[in-house]
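By convention here, the first residue in the shown sequence is residue 1.
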Amino acid sequence: MVYIKWVFWGVFWVIILAFLNYTLPQHDIARITDTYEKRVDFGENSIFWAESSSGNAVAPSSRDVFFIQAFRTNDKPMIYRNEDTGWGWPPYFKFDTSNLQAEASDLISKRSAGSPQWVLITHYGWRNEFFSIFPNAISVKAVEGPDVRIIPWLNIIILTFLAALSWGIWARWNKFWARREKRKFDEYTDGWG
């Protein structure tokens, strides 16, 4: 019985951490090498794509999606999709896909360039080559070099708030059960005196 409890709580926390890792913004320093548009047919991995464009009434089974190709500071390639999130989840309220694609195209930099242009790409999501899952780019911004230090203030604030909320719920839950047990004990021992 104890093992079932530990497995339950282990699975619960893994799901919570995976959810936070997927939805909270992440930052990559990279060199953009290309931007393009591609027709995507959605299959089993459709949960990792944004909802249909905010202007569409019906979700199509395929649509054109913008992509941004980049190389991170460790010279490993990374491909980002560039889709509007609209009013859906996660709540980034991103409606500027075309503008972001133009900004990314303007920041293209090849390795052969004397001093390559490094870019801060803010995104959410994961990259999985086997399932063709791509992180969704939220913004791009030119930075001075590959060793720029980024402090994720939004993540720190959100995680601090969630930790405080979890602690508050846990403390109240324990106080509730302690009072209940004390009441039971008092009722049990009431006739002893």
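Under the 3.5 Å distance criterion, the side-chain polar atoms of K38 are left unmatched by any main-chain donor or acceptor of F67. A side-chain donor-acceptor contact under 3.5 Å links N128 to the backbone of F130. Judged by distance alone, the side chain of K94 and the main-chain N or O of G86 form no donor-acceptor pair under 3.5 Å. Formation of a donor-acceptor pair under 3.5 Å by the N82 side chain with backbone atoms of V65 is not found in this model. At least one donor-acceptor pair closer than 3.5 Å links the side chain of T97 to the backbone N or O of D84.
Counting Ile, Leu, Val, Met, Phe, Trp and Tyr side chains that sit under 4.5 Å apart, directly or through other members, V140 shares a hydrophobic cluster with I32, I68, M78, Y80, L100, L107, I108, V119, I121. In the hydrophobic clustering, W167 connects to W170, either directly or through intervening members, whenever side-chain heavy atoms lie under 4.5 Å apart. Its side chain within the 4.5 Å cluster rule, V11 clusters with V7, I15 among the Ile, Leu, Val, Met, Phe, Trp and Tyr residues. Cluster partners of W177 are W173, F176, counting Ile, Leu, Val, Met, Phe, Trp and Tyr whose side-chain heavy atoms approach within less than 4.5 Å, directly or via other members.
Remark: R172 pairs with no residue by the salt bridge (charged side-chain N to carboxylate O under 4.0 Å, His left out) rule, at least two apart or across chains. Here D75 pairs with nothing under the salt bridge (charged side-chain N to carboxylate O under 4.0 Å, His left out) rule; sequence neighbours left out. In terms of the side chain to side chain contact (heavy atoms under 4.5 Å, CB included) criterion, residue partners of W153 (sequence neighbours excluded) are, by chain and number, I151, I156. Under the side chain to side chain contact (heavy atoms under 4.5 Å, CB included) criterion, F93 pairs with W87, P91, F95, sequence neighbours left out. Scanning for side chain to side chain contact (heavy atoms under 4.5 Å, CB included) contacts around L159 gives L20, L24, with sequence neighbours left out. F71 meets the ring-ring contact (aromatic ring centres under 6.0 Å, His included) test with no other residue; sequence neighbours excluded. Under the side chain to side chain contact (heavy atoms under 4.5 Å, CB included) criterion, D147 pairs with no residue, sequence neighbours left out. By the ring-ring contact (aromatic ring centres under 6.0 Å, His included) test, Y3 is found to be paired with no residue, residues two or more places apart in sequence or in another chain being considered.
Below 30°, between 30° and 60°, or above 60°: for Y22 and Y124 the angle between ring planes is above 60°, a perpendicular geometry.
Side chain to side chain, N136 and E83 fail the donor-acceptor criterion of an N or O pair below 3.5 Å.
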